[in-house]
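Just the heavy atoms: all of them, side chains too, but no hydrogens, waters or symmetry mates, feed the values below. FYI, the numbering just counts along the sequence from 1. Source: prediction; values computed, not measured. Note that ligands are numbered from 1 as they come in the structure, with each ligand's atoms numbered from 1 the same way.
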Amino acid sequence: MPRKAASGKIAAKPAAKPTTKSSKSEITIGSYLIQRLQDYGLTDIFGIPGDFVLQFYGMLEDSSINVIGCTREDCAGYAADGYARIHGIGAVCVTYCVGGLSLCNSIAGAFAEKSPVIVISGAPGMDERRSNPLLHHRVRDFNTQREVFEKITVASTALEDPLTAFREIDRCLEAAVRYKRPVYIEIPRDRVNTRCPYPHVPKTEPVTSDQYALKEALAEAQRVINASKKPVIIAGVEMHRFGLADQVVKFAEKNSIPMCATLLGKSVVSEKRPLYLGIYEGAMCRDALRTYVEDSDCLIMLGAFLTDIDLGIFTANLDPQKSIYATADHTRISHHHFHDILIPDFVMGLAKLDLKVTKRPMLAKPKGADSRFVLQPDNKITNARLFARINGLLDESMIVIADVGDCLFSAADLTIYKKTEFISPAYYTSMGFAVPASIGVNVAAPDRRPIVLVGDGAFQMTCMELSTAVRHGFNPIVIVLNNKGYTTERFLQDGPFNDILNWNYHRMPDLLGGGWGFEVHTEGELDQALNAAIANKDAFSILNVHLEPDDISPALTRLAESLSKRL
Ligand SMILES: Cc1ncc(C[n+]2csc(CCOP(=O)(O)OP(=O)(O)O)c2C)c(N)n1
Ligand SMILES: [Mg+2]
């Protein structure tokens, strides 16, 4: 069983004070890597072993890092990503090429959505590469896998030379924490036990903002906000990754500025705060919210990457001239660009400004937002009623993990109570994220309950990771929206290619020898199943919720209407 990891660590800590000082006699490349991972607060790692990484696995086993074996490497990547989104940093350890290359898609997603996952891969030993042999798992040459990972990580290294290996470990881990993106570290199997040839002390280079640029940007922000009549904050996912969510709320509440979030950033601010408006996503959000945001004469966009999904497939109408736009990569006010400003300095600077903000009347809540869900037990369950019921179920002990598909659009309207309680691949949108990510979430936050929302298509891709839930006694509640195929795609262009086999999803427990399964056709059955799932804390629960193929979320309906008006 995994040990209890500290939950609630929202953002990766800054490089922890190194406890590690190596000298020639005492430390090896493998053990140094493990110690540095621990310096950064990592307590758990996901993966699958193989002969090129067995020595390192042995070392992990002897350390206090907890190893969680998964069923597939891509799933291990999603689990490490889910873990990193809660814990602040995650790691996955795999074998050469057959393991590593299968991990690429999940690491690409972590790169796109800024989740710092450390990828550790074994590799053939340096000695055994001498006469260029055709060793198993080799693709082209011995560098192929590292070169592939160069494209999808923010730093990569192969620890081939003991003279540079120790510094390379420091460099990569520092980059993961600084840029909140994955890094790749490859260890040839005959280097795991190689000792440090010289005393090595890890060094970290602090990075600072350009103080002149920061001062000017904040002064301009102050002028623009003070001159505006209808300011609105749009908080994005970077506020979570950089641990700035509390600062945003402080800034909003000190100045009474209404705030909304992007879909990828959903739950960065607690959705129960009085100034919270909802998820802004162009034509996919309700009309009143869309108009309220687009009417603003001062959009304060903090840590939001404006992706096509976040912008309602580019139906959004946000005027850059009326925007203050700050991310880890850019700071822009109207059309003025500022360089070398760290996002934490800008956001904390905003929170300290003395502003005179015109108070804007709040948007009325959507009709029926506070009405109680009244069960109609004999009615056939529909998408809208399913989400209305789930909304009533959520509390602070739960973390919602939504996969790609209509469940993601429906989930936008759920009310998330605390921050970081909603996780989804809302930008990279790779199907199959949610079930394995819930394993990482369970490990990172053992006292919280994952609620997994997943389409039947996405479920079929990675459902075998429920096997890991059974092994470790994890208890996600998995709600399969069984609309008999790829509904989101049907909505774009229908054809037989969107049909899939209708599985008995509720019978997964028979196959896995653990868990609770429920088949749901009506509201009454849904109610009973959810009540039982909540009560069954000892294992996972799975609900096979039968929906009509054309029963889509209000968000997708709104998008369809808006797009049809434009065509
Ligand atoms: C790995 C991957 N393959 C293909 C796609 C393209 N795609 C986007 S949505 C979708 C259908 C999703 O089906 P399902 O999980 O059943 O959800 P639904 O749309 O039915 O709600 C597909 C195939 C994708 N996003 N990710
Ligand atoms: Mg489906």
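- Of the charged side-chain nitrogens involved, at least one lies within less than 4.0 Å of a carboxylate oxygen, so that R490 and D499 count as a salt-bridged pair.
- Atom 6 (C) of ligand 1 has E489 OE2, 3.4 Å as its closest protein atom, hydrogens excluded (heavy atom only).
- Atom-to-atom distance recorded for R286:CZ and I279:CD1 is 11.5 Å, nearest 0.5 angstrom.
- The shortest contact between atom 15 (O) of ligand 1 and any protein heavy atom is with A458 N, 2.8 Å.
- Counting atoms of ligand 1 from 1 in the listed order, those under 4.0 Å from a heavy atom of G455 are 14 (P), 15 (O), 16 (O), 17 (O).
- Distance from atom 25 (N) of ligand 1 to its nearest protein heavy atom, with residue and atom name: T429 O, 2.9 Å.
- The ring of F46 has its center closer than 6.0 angstrom to the ring center of Y83.
- Taking any N or O of M431, backbone or side chain, at least one lies under 3.5 Å from an N or O belonging to ligand 1.
- Residue N483 has at least one heavy-atom neighbour below 4.0 Å for each of these atoms of ligand 1: 18 (P), 20 (O), 21 (O).
- Near G457, meaning under 4.0 Å from one of its heavy atoms, ligand 1 places the atoms 14 (P), 15 (O), 16 (O).
- Centroid-to-centroid, the aromatic rings of F305 and H330 stay 6.0 Å apart or farther.
- Within D456, the N/O/S atom positioned nearest the Mg ion (ligand 2) carries the name OD1.
- Between the choices L492, L556, T488, the shortest heavy-atom distance to atom 19 (O) of ligand 1 belongs to T488.
- For atom 13 (O) of ligand 1, the nearest non-hydrogen atom from the set Y486, F459, F433, Y428 belongs to Y486.
- Around the Mg ion (ligand 2), the angle linking G485 (O) with N483 (OD1) is 90°, rounded to 10 degrees.
- Looking at ligand 1, you won't find any N or O of N105 less than 3.5 Å from one of its N or O atoms.
- Looking at R72 and E465, no side-chain N of the basic residue comes within less than 4.0 Å of a carboxylate O on the acidic one, giving no salt bridge.
- Distance check: L414 CG to I390 CD1 gives 6.5 Å after rounding to the nearest 0.5 Å.
- For a threshold of 3.5 Å applied to N or O pairs, the pair formed by G485 and ligand 1 contains at least one separation below that value.
- Salt bridge absent: R290 and D287 never bring a charged side-chain N and a carboxylate O closer than 4.0 Å.
- Residue contacts with ligand 1: G432 is excluded, as none of its non-hydrogen atoms falls under 4.0 Å.
- Contacts between D456 and ligand 1, counted as non-hydrogen atom pairs separated by less than 4.0 Å, involve both the backbone and the side chain.
- The pair R85-E113 meets the salt-bridge criterion, since a charged nitrogen lies less than 4.0 angstrom from a carboxylate oxygen.
- One finds a salt bridge joining D527 and R389 here, because a Lys/Arg side-chain nitrogen approaches an Asp/Glu carboxylate oxygen to under 4.0 Å.
- What sits closest to atom 21 (O) of ligand 1 on the protein, heavy atoms only, is D406 N, 2.9 Å.
- Between E271 and K266 a salt bridge is recorded (basic side-chain N to carboxylate O distance below 4.0 Å).
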